Chemist: 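Have a look at the structure that comes next, please.
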Amino acid sequence: MRRISAFVLAATLASPADAAVWPDTIAPCNTTLQACINGTASGGAVLVLSSAVIDESLTINKPFALRAGPGHRPVLAADRSIGATIATAGSWSWILEGFELTRGQVTVNVDAGNASVVISRVRVRATNLGLAGINLSNDSPGSIFFDLSRNEVDFDWSTSDGALRPALQVLKRGAGSANGRISENRVVARGTQSIGILLQTEDKTNRISVAGNHVAGGPRGSIYLRQGSLVAATGGTLTATVVNNVVRSIDAGAASAYGIKVEILDGAASANVLHNTVVDAFRGVDLLGSSGTGPIEASRGTAHLSADDGSILSGEIDVMGQGGQRHLRRPSRQACYPLQFR
């Protein structure tokens, strides 16, 4: 199996020293990419030095790192996907960097262990099957760290079926704590039933940053953070920082077309929503707390919307917690925002 030099390793963000290369002339990396992945040990890495179309769906059910090599962007054929279900005990990591998919999905399910999951520089184009273009689900009793950064997702969904249909989502349902960030992604959520970014946390302590994303969201909303479960009370705490995002509603006429929404179903949540730009949303920012559950810390629910902090809002701002609801309105100061999605 061909190895790679320290120089190439440095250029690929510190790949493991024993990373295999695909395509290669030596087994197991001399045939399909899936065969190369299967033949590389758990905890290993494969560096893809090809920008050609790869007509394979990939399954990576183990701790692993799959990266595009320097100067390459591996492209899966249309309708191909990347999936992983990992049930490995102990501490482990799973990394995907630099791939492109069309009408496919990247789906990672964490079922055991203390996980670190990184999905970065992945493009998912024209996803129209109702499944999130990038989906991370955690049901492990262990802790999880995740980093979903610098990805691009184009999503389209118009079927009303009662389900939430996001372009990019993180569902943390396990009994462990979570720390993570969703940052610098570019998301377009088209259709009448789509959501841009969805984060849902349950149980234990969850600290999440949503920062620097550009989201063009559908009528169901652009950035949606939710603590707790609709099925059964799980408790837990969400501490969220939502900062420096640029959000534009594609269908501002819809009553559900919110820019940024933080909702608590049970447990407790603290949301710092700062320096965001929200344009053309029916509601700019919603902070919603359910009666009888833990409160949303709304101390910044109005202050962060003041003009001197750089926030630009178009639409209605809602702050609702225990004890009532308050509506704030400010005029639309900007009819549109020059978002450019590549």
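Note that the structure is predicted; figures quoted are calculated from it, not measured. Reckoned from all heavy atoms, side chains included, excluding hydrogens, waters and symmetry mates.
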Chemist: Is any side-chain heavy atom of N244 closer than 4.5 Å to a side-chain heavy atom of N213?
Modeler: no
Chemist: What is the minimum heavy-atom distance between Q200 and R226, and which atoms define it?
Modeler: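 Answer, listing the atom of Q200 first, then R226: OE1-NH2, 2.9 Å.
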Chemist: Output yes when a side-chain donor or acceptor of N276 lies under 3.5 Å from a complementary backbone atom of N245, and no otherwise.
Modeler: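 Yes: the side chain of N276 pairs with the backbone of N245.
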Chemist: Taking R181 for its side chain and S209 for its backbone only, find out whether a donor-acceptor pair lies under 3.5 Å.
Modeler: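 Side chain of R181 to backbone of S209: no pair is present.
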Chemist: Using atom types as modelled and distance alone, determine if a side-chain donor or acceptor of N151 lies under 3.5 Å from a backbone N or O of I119.
Modeler: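 Side chain of N151 to backbone of I119, a donor-acceptor pair under 3.5 Å: yes, one is there.
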Chemist: Kindly give the heavy-atom pair with the smallest separation between K172 and D203, and that separation in Å.
Modeler: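 In this case the closest contact between K172 and D203 is NZ-O, 3.0 Å.
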Chemist: Indicate yes or no: at least one non-hydrogen side-chain atom of L101 is less than 4.5 angstrom from one of V122.
Modeler: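 Yes. Closest side-chain heavy atoms under 4.5 Å.
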Chemist: At their closest point, which heavy atom of G113 faces which heavy atom of W92, and how far apart are they?
Modeler: CA-NE1, 3.8 Å
Chemist: Please tell me whether S120 and E97 have a donor and an acceptor in their side chains that are separated by less than 3.5 angstrom.
Modeler: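 No.
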Chemist: Can you confirm whether W94 sits close enough to L66 that some side-chain heavy atom of one is under 4.5 Å from a side-chain heavy atom of the other?
Modeler: no
Chemist: Check R125 with D154, please: is the shortest side-chain N to carboxylate O separation under 4.0 Å?
Modeler: no
Chemist: Can you check whether G142's main-chain N or O pairs, donor with acceptor, with S140's side chain at less than 3.5 Å?
Modeler: yes
Chemist: Restricting to non-hydrogen atoms, name the atom on I86 and the atom on A84 that form the minimum distance, rounded to 0.1 Å.
Modeler: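 For I86 versus A84, the nearest heavy atoms are CD1-CB, 3.7 Å.
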Chemist: Indicate whether the side chain of N61 and that of T59 have a donor and an acceptor atom separated by less than 3.5 Å.
Modeler: no
